[in-house]
Amino acid sequence: MISSLLPPLLGGALIGLSASLLLLANGRVAGISGVVGSLLAPVRGDVAWRVLFLAGLLTGGLLLAWLRPGSFPAPTSLSAGGALLLVGAGLLVGFGSRLGNGCTSGHGVCGISRGSARSIAATLTFMATGVLTVFLIRHVL
């Protein structure tokens, strides 16, 4: 039991550490949708840290895949309907994160730690929707 909890605890600590370092060093909140979204309409002088942060994010994932190959599940085949569902889900995430002025990482990790009521409401909504979705998939459909 403890060995299965250790990776999530370590991962959560590293995410919290990185969000804290970004806030302390750069005064920025580590919301991935905001980091990526601002690269789509770049502002002069506000691009380098975003690109470096994303490069670090991708490098960290690649490093973990190299060090612990079993960390990522093998890709599965995807039907046309499954692909459409993924595209639809991605669009909903993108629209929702822009509408809510942040995504799960920004609201859940950084917003709650700063005591933001808006982030608490957003995170509770994410979680409630996830719980409802799992319930519907497992017990209704």
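In this text, all values refer to a predicted model and were calculated from it rather than measured experimentally.
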(request) Taking all heavy atoms of Ser18 and all of Ile15, pick out the closest pair and write down the distance. (result)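 Taking Ser18 first and Ile15 second, the nearest heavy atoms are OG-O, 2.9 Å.
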(message) So which atom in Ser33 and which in Arg98 form the shortest heavy-atom distance, rounded to 0.1 Å?
(response)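 Ser33 and Arg98 have their closest heavy atoms at O-NH1, 3.8 Å.
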(message) For the CZ atom on Phe95, are there more than 12 heavy atoms of other groups (residues, nucleotides or ligands in this structure) within a distance under 6.0 Å?
(response) no
Side-chain heavy atoms nearer than 4.5 Å, only ILVMFWY residues, links allowed to pass through others: does that put [X] and [Y] together?
{"X": "Ile112", "Y": "Leu124", "result": "yes"}
{"X": "Trp49", "Y": "Val47", "result": "yes"}
{"X": "Leu22", "Y": "Val109", "result": "no"}
{"X": "Val51", "Y": "Val36", "result": "yes"}
{"X": "Leu14", "Y": "Leu63", "result": "no"}

Atom pair [atom1]/[atom2] of [X] and [Y] - distance to nearest 0.5 Å:
{"X": "Leu10", "Y": "Leu17", "atom1": "CG", "atom2": "CG", "answer": "10.5 Å"}
{"X": "Thr59", "Y": "Trp66", "atom1": "OG1", "atom2": "CH2", "answer": "13.0 Å"}
{"X": "Ile137", "Y": "Leu132", "atom1": "CD1", "atom2": "CG", "answer": "9.5 Å"}
{"X": "Ser79", "Y": "Leu85", "atom1": "OG", "atom2": "CG", "answer": "8.0 Å"}

(request) Could you tell me whether the side chain of His107 and the main chain of Ala121 form a donor-acceptor pair under 3.5 Å? (result)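 Answer holds: no.
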(request) May I ask you to decide if Arg68's main-chain N or O and Ser71's side chain share a donor-acceptor pair within less than 3.5 Å? (result) yes
(request) Can you sort out the partners of Phe135 under ring-ring contact (aromatic ring centres under 6.0 Å, His included), two or more places apart, ordered by chain and number? (result)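 Here the qualifying residues are His139.
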Hey, are the side chains of [X] and [Y] touching, using non-hydrogen atoms and a 4.5 Å cut-off?
{"X": "Thr104", "Y": "Thr123", "value": "no"}
{"X": "Ser119", "Y": "Arg114", "value": "no"}
{"X": "Asn101", "Y": "Arg118", "value": "yes"}

Would you be so kind as to tabulate the donor-acceptor pairs closer than 3.5 Å made by side chains of residues 24-32, with sequence neighbours excluded?
| residue | atom | partner | partner atom | Å |
| --- | --- | --- | --- | --- |
| Arg28 | NH2 | Asp46 | OD1 | 2.9 |

